Student: 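Let me give you the structure first, and then I'll get to my questions.
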Amino acid sequence: MMNHDRLELLREALPYIQKFKGKIFVIKLGGTVTEHSATLHSLAEEIALCHQVGIRIIVVHGGGHQVTRLARRLGVQQKIVLGRRITDDETLEIAKMIFAGKINTEVAAALHRLGVPTVGLTGFDGQLIRARRRHPQRIVDPETGREELIDYGHVGDIESVNGQLLALLLEHGYVPVLCCLAADAQGNIFNINADTIAAELAANLDAEKLLLLTDVDGILLEKGDPTTRLSRLTLAQFKELLASGRLAEGMLPKADAILGLLARGRTTVHVINGCRRNALLQELFTDEGSGTMIIPT
Ligand code: ARG
């Protein structure tokens with residue numbers, strides 16, 4: 001049965017397809033998005049469609065959940081200090097297996113099976129990201145009020161980004177799939193926050209959009225209540241929201257990465273539910289979207 005309402009969708013999509021052609025979008029996949037193959041395959045179709053209409057896509061993924069799960073299976077104790085994971089020697093081994101091995105291969109393969117030419121990468125391939133070990137940090141324990149020095153182990157911060165290889169790949173129609181490992185000049189490998197990588201790449205490549213795919217419907221005022229989703233925010237409104245302390249906890253680690261990028265004034269940031277079928281297409285190709293859009297003005 002051909003339904004005319006359904007065809008209206010293509011008309012609505014036309015201006016966006018025209019506008020986005022040739023533009024760079026950085027798509028960051030959160031851990032829950034890549035964990036289940038049905039979710040990943042469904043999302044890969046949406047990404048393949050974006051690629052097909054000429055959007056230049058870079059995929060970045062994390063996968064902390066899966067690291068935790070494998071660690072548990074291997075009997076490797078995970079050290080969490082004040083809610084923060086410490087990447088010790090054994091956890092780094094697992095992170096390499098999960099990030100560069102399992103998830104990177106699975107994401108690239110999900111796109112490959114739809115005919116998308118992919119290239120799987122770590123942060124140090126082509127000297128893309130230069131990282132350094134994170135210095136031990138003073139954190140106040142909210143329970144005791146005491147200050148503690150926390151050494152995160154093999155966790156790195158980004159020192160610089162060199163988008164040359166990515167630009168080259170995009171130029172030739174490849175979709176780079178990047179995991180969240182990077183290294184310093186001595187070849188020490190670090191676990192890097194994937195949201196930060198995605199935001200830094202978006203800035204470096206002057207991306208049109210940074211799309212953060214999570215397992216919630218966007219920025220919600222009340223945790224777990226999708227009816228409190230904010231559909232559209234300006235940078236100023238986003239800052240206000242941060243200052244008010246109303247932002248759900250899960251968003252906080254992303255906030256820093258997003259703020260820096262928005263402040264440059266070139267990239268729009270979207271927070272979308274990557275686990276919900278069609279959420280990405282709805283966000284990009286309809287007027288109302290599906291998640292939260294933050295505009296840099
Ligand atoms: N499709 C348009 C775009 O990507 C508008 C999206 C609106 N999204 C929203 N959450 N209000 O630019």
Side-chain angles (χ1 to χ4, degrees), residues 5-30 32-33 42-60 170 175 195 198-199 201-203 205-242 246-248 250-251 254-255 257-259 261-297:
D5 286 348
R6 287 166 63 192
L7 290 173
E8 289 303 319
L9 202 59
L10 280 173
R11 292 180 187 269
E12 188 175 337
L14 175 63
Y16 295 117
I17 293 174
Q18 289 172 323
K19 181 173 171 209
F20 298 155
K21 186 173 177 190
K23 297 280 165 50
I24 295 178
F25 288 12
V26 177
I27 303 183
K28 187 258 166 173
L29 312 182
T32 35
V33 177
S42 159
L43 182 63
E45 273 179 356
E46 300 178 43
I47 296 175
L49 196 136
C50 295
H51 174 257
Q52 194 62 46
V53 297
I55 298 170
R56 299 176 180 210
I57 290 166
I58 298 164
V59 178
V60 179
L170 293 175
V175 173
D195 291 306
L201 288 180
L205 293 160
D206 238 345
E208 175 82 9
K209 288 184 189 294
L210 168 65
L211 301 141
L212 300 174
L213 273 51
T214 66
D215 57 359
V216 290
D217 285 347
I219 297 182
L220 310 178
L221 279 181
E222 301 296 338
K223 193 177 171 197
D225 183 356
T227 63
T228 63
R229 172 171 62 89
L230 300 167
S231 171
R232 210 182 136 94
L233 291 170
T234 62
L235 172 55
Q237 288 169 328
F238 182 62
K239 280 184 182 163
E240 256 171 52
L241 195 65
L242 274 176
R246 290 190 72 191
L247 212 54
M251 269 304 296
K254 301 186 192 307
I258 299 178
L259 275 177
L261 176 65
L262 286 164
R264 293 179 67 257
R266 320 265 301 203
T267 308
T268 302
V269 177
H270 300 251
V271 183
I272 312 169
N273 191 341
C275 302
R276 196 149 60 71
R277 190 175 166 84
N278 296 332
L280 177 63
L281 295 181
Q282 188 183 343
E283 180 66 20
L284 292 176
F285 300 114
T286 70
D287 301 332
E288 58 154 9
S290 67
T292 299
M293 172 178 190
I294 314 169
I295 52 173
T297 48

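Predicted, not measured: the structure shown is a model, and the values here were computed from it. Order of appearance sets the numbers: ligands from 1, and atoms from 1 within every ligand.
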Student: Which ligand 1 atoms does M293 reach within 4.0 Å, using its non-hydrogen atoms?
Tutor: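 Every atom of ligand 1 under 4.0 Å from some heavy atom of M293: 6 (C), 7 (C), 8 (N), 9 (C), 10 (N), 12 (O).
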Student: Could you list all the salt bridge (Lys or Arg N to Asp or Glu O under 4.0 Å) pairs where at least one residue sits in residues 274-297, not counting sequence neighbours?
Tutor: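 For residues 274-297, and leaving out neighbouring residues, the salt bridge (Lys or Arg N to Asp or Glu O under 4.0 Å) pairs sorted by first residue read D217-R276.
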Student: For ligand 1, which part of T268 has a heavy atom less than 4.0 Å away: the side chain, the backbone, both, or neither?
Tutor: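 Contact part for T268 vs ligand 1: neither.
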Student: How are the rings of F285 and F20 set to each other: parallel, tilted or perpendicular (split at 30° and 60°)?
Tutor: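 Because their plane-to-plane angle lies in the 30° to 60° range, the rings of F285 and F20 count as tilted.
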Student: Could you pull out, from Q282, E208, E283, H270, the option with a heavy atom nearest to atom 8 (N) of ligand 1?
Tutor: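 Heavy atom nearest to atom 8 (N) of ligand 1 belongs to E283.
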Student: Pairs of nitrogen or oxygen atoms closer than 3.5 Å, one from S290 and one from ligand 1: do any exist?
Tutor: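 Min N/O separation from ligand 1 is not below 3.5 Å for S290.
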Student: Looking only at heavy atoms, is any part of F20 under 4.0 Å from ligand 1, and if so is it the side chain, the backbone, or both, or is it neither?
Tutor: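 It is the side chain that touches ligand 1; the backbone stays farther off.
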Student: For ligand 1, which is the ligand I care about here, please tell me if K19 has any N or O atom under 3.5 Å from one of the ligand's N or O atoms.
Tutor: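 No - when backbone and side-chain N and O of K19 are compared with those of ligand 1, no distance drops under 3.5 Å.
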Student: Considering only protein heavy atoms, which is closest to atom 11 (N) of ligand 1, and at what distance to one decimal place?
Tutor: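 That would be S231 OG, 2.8 Å.
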Student: Any sub-3.5 Å donor-acceptor pair from T228's side-chain atoms to L220's backbone N or O?
Tutor: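 Here the side-chain-to-backbone pair does not exist.
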Student: Can you spot which of L10, L49, V53 makes a side-chain contact (heavy atoms from CB on, under 4.5 Å) with I17?
Tutor: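 Of L10, L49, V53, side-chain contact (heavy atoms from CB on, under 4.5 Å) with I17 is met by V53 alone.
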Student: In the protein, what heavy atom is nearest to atom 2 (C) of ligand 1, and what distance, to one decimal place, separates them?
Tutor: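 Result for atom 2 (C) of ligand 1: Y16 CE2, 3.4 Å.
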Student: Would you mind telling me which of I219, L262, I295 makes a side-chain contact (heavy atoms from CB on, under 4.5 Å) with L233?
Tutor: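 Result: among I219, L262, I295, I219 is the only option passing the side-chain contact (heavy atoms from CB on, under 4.5 Å) with L233.
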Student: Can you tell me how far the CD1 atom of I47 sits from the CZ atom of F25, to the nearest 0.5 Å?
Tutor: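 Here the interatomic distance stands at 12.0 Å.
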Student: So if I count the atoms of ligand 1 from 1 in the order they appear, which ones are less than 4.0 Å from some heavy atom of G291?
Tutor: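 Per the distance check, 10 (N).
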Student: Using 0.5 Å steps for rounding, measure from the CG atom of L280 to the CD atom of E45.
Tutor: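 Taking CG in L280 and CD in E45, the distance rounds to 12.0 Å.
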Student: Which option, R229, K209, E12, owns the non-hydrogen atom nearest atom 12 (O) of ligand 1?
Tutor: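 Heavy atom nearest to atom 12 (O) of ligand 1 belongs to K209.
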